[in-house]
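Here's the structure we're looking at; comments come further down.
In what follows, chains are A, B, ... by sequence order, proteins preceding strands, each numbered from 1. Just so you know, these numbers come straight off a predicted model, no measurement behind them.
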Amino acid sequence: MKSLAKHRRHPAAVLVVIMLGLLLTGGLYAAANTATEARSVEADALLIEEGKRLFLEGCSSCHGLAGQGSDNGPSLIGVGAAAVDFQVGTGRMPLANFGAQAPSKAVEYSDEDIKAMAAFVASLAPGPSIPSAADLDYSGVDTARGGELFRANCSQCHQAAGRGGALSNGQYAPNLMKTSPEHIWEAMLTGPQQMPVFADTTLPPQDKKEIISYIESLRASDDPGGWALGRFGPVTEGLFVWIGGMLLAVILAIWIGAKVR
Amino acid sequence: MSTEQISGFEKKGASAATYVDERVHSNSWLSRNLNKVFPDHWSFMLGEIALYSFVVVLLSGVYLTLFYKPSVVEVIYDGPYIPLKGVTISEAYDSALAISFEVRGGLLMRQIHHWSALFFVVAIAVHMFRVFFTGAFRKPRELNWVVGMTLALMALAAGFTGYSLPDDLLSGTGLRIIEGIILAIPVIGTWLSFFVFGGEFPGVDIISRLYGIHILLVPGIIVALITVHLMMVWTQKHTQFPGPGRTDKNVVGYPLMPVYMAKAGGFFFLIFGLITIIAGIVQINPIWIFGPYTPDQVSAGTQPDWYIGWLDGALRLMPSVEWIIFGYTISLNVFIPTVVLPGLLVTAAIIYPWLEAWATGDKKEHHVLDRPRNAPTRTALGVMAITFYVVLWIGGGNDIIAVGFDLSINFMIWFLRFALIILPALAFIITKRICLSLQRRDREKLLHGRETGRILRLPTGEFIEVHEPVNSEEKALLESKPDTKPLPEPPETDSAGVRNPKYKSGRRAAGLSRFLYRDTIEKPTEAEMHHGEQAVEAEDEFEAPLLEREEAMHIAHDGSVLAKPAVDAPESATDTEDGGSDQS
């Protein structure tokens, strides 16, 4: 070190240090960069390849070999990763049989498989992507405003308590009480089945977060009045007052009207 | 009780009664009324259920008025319910939320009020079933039937005005439908709507108007009508079911004091308790979930309370029919199911007592009730009406049912449209057949008595079943069947050949009378009864030696099961074993 320190006031020293610094940072950057890029490209290609394999196996019979669609299923070009994550992630796809609407059922694929198929479909054409953790972070947003947005945009089909409602010809808006925030976000973005698309231009991400926050508050809230009868409103209440109320009252009447023998 | 045994408490009571009697002469009035006799049957308490639930409605309603504000002035919500914080709402909704979340006992009171209101209407409906199916509306009680019908309609009015007060999304949507119904009334609809709402819907007047109607006008009418209803029951005396010694000229039962005072008092607390328990554990009308009302929003699955549900169903099942006359739209698709249909049904229900009286030509007083089976056509008509109502009611909840049971709502509508015509007709036929079959069984019982299940084999090889005569109580019940005959066809001309001026209306009455009374199972005649009694006696004669033998062998005989005494057991066990080894 002493010999090196001896030259520290040499006129060329500054130059050498700068040169060394540039070399080191540039070299490191380049090395790191090429490494990640190569890994990521390789991984993406593998993921898409895997997704394509799964797609050809499980989806192409209806959606076409290149996702172009057929008489039995719509084109998937441009629907984006979000649509795949929603449809397969809630068990709607693969379809068990043709009906009025694809029902949500047990999920057939693992998370990795779903991500792979999503990557493949996203590679066909640009489309809405799967939301990041930051997109879904609804902590601290205005839940009450979400309620107003929910009542204005969602409750006419999904019912004020999010319990779902009937649409024409056997179609329906499903119950939201078991849907994850990620899937709600994707549904709003992609408009699956009968649902309209709520793109970020009409319903900004902040609004989406507020709506999700409101749905979560509905899910989490206890019913202060007791047993909620499914939160369906007057239909179940009317049924209850006849069966649970009047029947008991008549039994009481028979009891008190009984002759003492 | 001798005079020495009178306690100090009784002495004080007696002197107090004397003090009051010397001033207002109350003793004779009291003894007359407190000893009034009421007949005993559980179904006579259904009206009481309605009365008691109305008392509960009144009590809980008074509590709610202390906190409710009938105003649509807009305020910013700043209460404890976070998912509404900062939302602009009406003062009415704000106060309803405050009752639910801030007022002590408020939510319980709201739920007691709402549940007891639903209960009130249910009890009225069931009470009406009892009155209708037993023919309690016949002379002299036709007017009380009308009072009862009016009470039922007032209960609906009370319910609907109350449903609209919290100004939440559900109640506002209900009001919107009412506005649509008013608008559909031809010619005056638009004017009437502006009159009711004080301008364009929803306006700022409707909540305070409904409030006045809900807490003052309708309850006032209900209290007045209940008084009339009960006074008529009091002066006309209560009807009774047929039984030994019961006629149209007497009442068999217990005195009001003390039996019915105790029963009725206890029953009030039972009903109050039942409603309170339900209100304590089952949530009703969670207004905080529905959110505030704004005319541009509507939630899926919006329904009225159950008693209006059938009209909602009628509205949903009605095909789309619209006339445009001189540029004016006549919305028959709304007007027929929500104005014409209930109008016709209520009118039919109100005039039914007179229709039946006209068809029977019967001017007598009836204090002994009909058993429903003994008026098969009336019972069938009642069940038909209930079926019609229930189909409409299901129609009112068709979207909830479609979602809950994975059905197509379009399919449900078409199914219910057909069901609305087919099922009531089926219900009529089936009910009438069941009634006639029950009549047939009654006739059999009267003729031959009860089947005992004991089979005898006669020496000739013939098998017979032993019958037992019915007891006197049951016999009186079975013999109560009235033999109403259809009215005869009126003569077209009298003996002198002069045209009968009442021929046409007489024919109509005779036609209706045939419809009501043609089908019946005749009661057995004297001769048939005698024959039946002889048959039972003959059976007894056949059985007598067998019974003597059983008695001699100490075999217990409880009417249906023959049980051997325990001492015989080992012997019979050996028998079986022997039998078993023989076969193997």
Side-chain angles (χ1 to χ4, degrees), chain A residues 100 103 142-148 150-152 155-161 163-173 175 213-214 217-218 221 223-242 244-246 248-250 252-259, chain B residues 40-46 48-49 77 82-87 100-101 107 111 115 118-119 122-123 126 169-170 263 266-267 270-271 274-275 278 280-286 289-291 296-306 309 396-400 402-403 407-411:
Chain A
D142 187 349
T143 306
R145 188 166 175 275
E148 287 187 279
F150 183 84
R151 285 189 292 276
S155 72
Q156 55 267 64
C157 298
H158 288 286
Q159 196 246 12
R163 295 302 164 114
L167 302 173
S168 53
N169 290 318
Q171 295 161 344
Y172 57 91
N175 185 342
S213 165
Y214 183 70
S217 83
L218 281 179
S221 72
D223 288 298
W227 182 28
L229 302 172
R231 288 188 188 166
F232 280 122
V235 170
T236 42
E237 290 161 7
L239 208 59
F240 183 85
V241 80
W242 273 92
M246 199 59 206
L248 278 175
V250 166
L252 289 178
I254 292 172
W255 176 52
I256 208 161
K259 285 197 189 102
Chain B
D40 211 15
H41 194 265
W42 66 266
S43 72
F44 298 160
M45 307 186 94
L46 296 170
E48 273 179 59
I49 299 179
Y77 182 68
I82 301 298
L84 282 174
K85 218 172 180 76
V87 176
S100 307
F101 293 124
L107 183 58
Q111 299 204 142
W115 277 122
L118 294 192
F119 218 87
V122 176
V126 179
L169 190 52
L170 188 67
K263 280 194 176 189
F267 197 42
L270 279 176
I271 294 298
L274 176 66
I275 292 173
I278 289 175
I281 59 179
V282 188
Q283 179 168 286
I284 189 164
N285 199 19
I289 287 178
F290 301 130
D296 62 331
Q297 293 173 1
V298 59
S299 161
T302 297
Q303 312 281 351
D305 277 339
W306 77 264
N398 63 1
D399 52 339
I400 303 283
V403 168
L407 293 168
S408 158
I409 202 165
N410 302 49
F411 167 78

Proximity breakdown for [X] and chain A, heavy-atom pairs closer than 4.5 Å:
X	result
B:Leu170	side chain
B:Ile289	both
B:Phe101	side chain
B:Leu107	side chain
B:Phe411	neither
B:Ile409	both
B:Ile281	backbone

What pairs with A:Asp142 under salt bridge (charged side-chain N to carboxylate O under 4.0 Å, His left out), at least two apart in sequence or on another chain?
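A:Asp142 satisfies salt bridge (charged side-chain N to carboxylate O under 4.0 Å, His left out) with no residue once adjacent residues are dropped.
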Which residue pairs satisfy the salt bridge (charged side-chain N to carboxylate O under 4.0 Å, His left out) criterion with at least one member in residues 296-306 of chain B, sequence neighbours excluded?
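Found none.
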Over all atoms of both residues, closest heavy-atom pair of [X] and [Y]:
X	Y	value
A:Ala166	B:Ala402	CB-CB, 4.1 Å
A:Ala144	B:Ile82	CB-O, 4.1 Å
B:Phe119	A:Ala249	CZ-CB, 3.7 Å
A:Trp255	B:Leu270	CZ3-CD1, 3.7 Å
B:Gln283	A:Glu237	O-OE2, 4.4 Å
A:Ala160	B:Ser299	N-OG, 2.8 Å

Could you tell me whether the side chain of [Y] reaches within less than 4.5 Å of the side chain of [X], counting heavy atoms only?
X	Y	answer
B:Asp399	A:Tyr172	no
A:Val250	B:Leu46	yes
A:Phe240	B:Ile278	yes

What part of [X] is in contact with chain B, defined as an atom under 4.5 angstrom from a non-hydrogen atom: side chain, backbone, both or neither?
X	result
A:Leu252	both
A:Arg231	side chain
A:Ala161	both
A:Tyr214	side chain
A:Ser217	side chain

Can you measure from [atom1] ([X]) to [atom2] ([Y]) and round to the nearest 0.5 angstrom?
X	Y	atom1	atom2	answer
A:Gln159	B:Ile400	CD	CD1	6.5 Å
B:Leu118	A:Met246	CG	CE	12.5 Å
A:Arg145	B:Leu84	CZ	CG	15.0 Å
B:Ile271	A:Leu248	CD1	CG	9.5 Å

Most heavy-atom pairs under 4.5 angstrom with chain A, which of B:Ser408, B:Ala300, B:Pro286?
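Counting heavy-atom pairs under 4.5 Å, the top option is B:Ala300.
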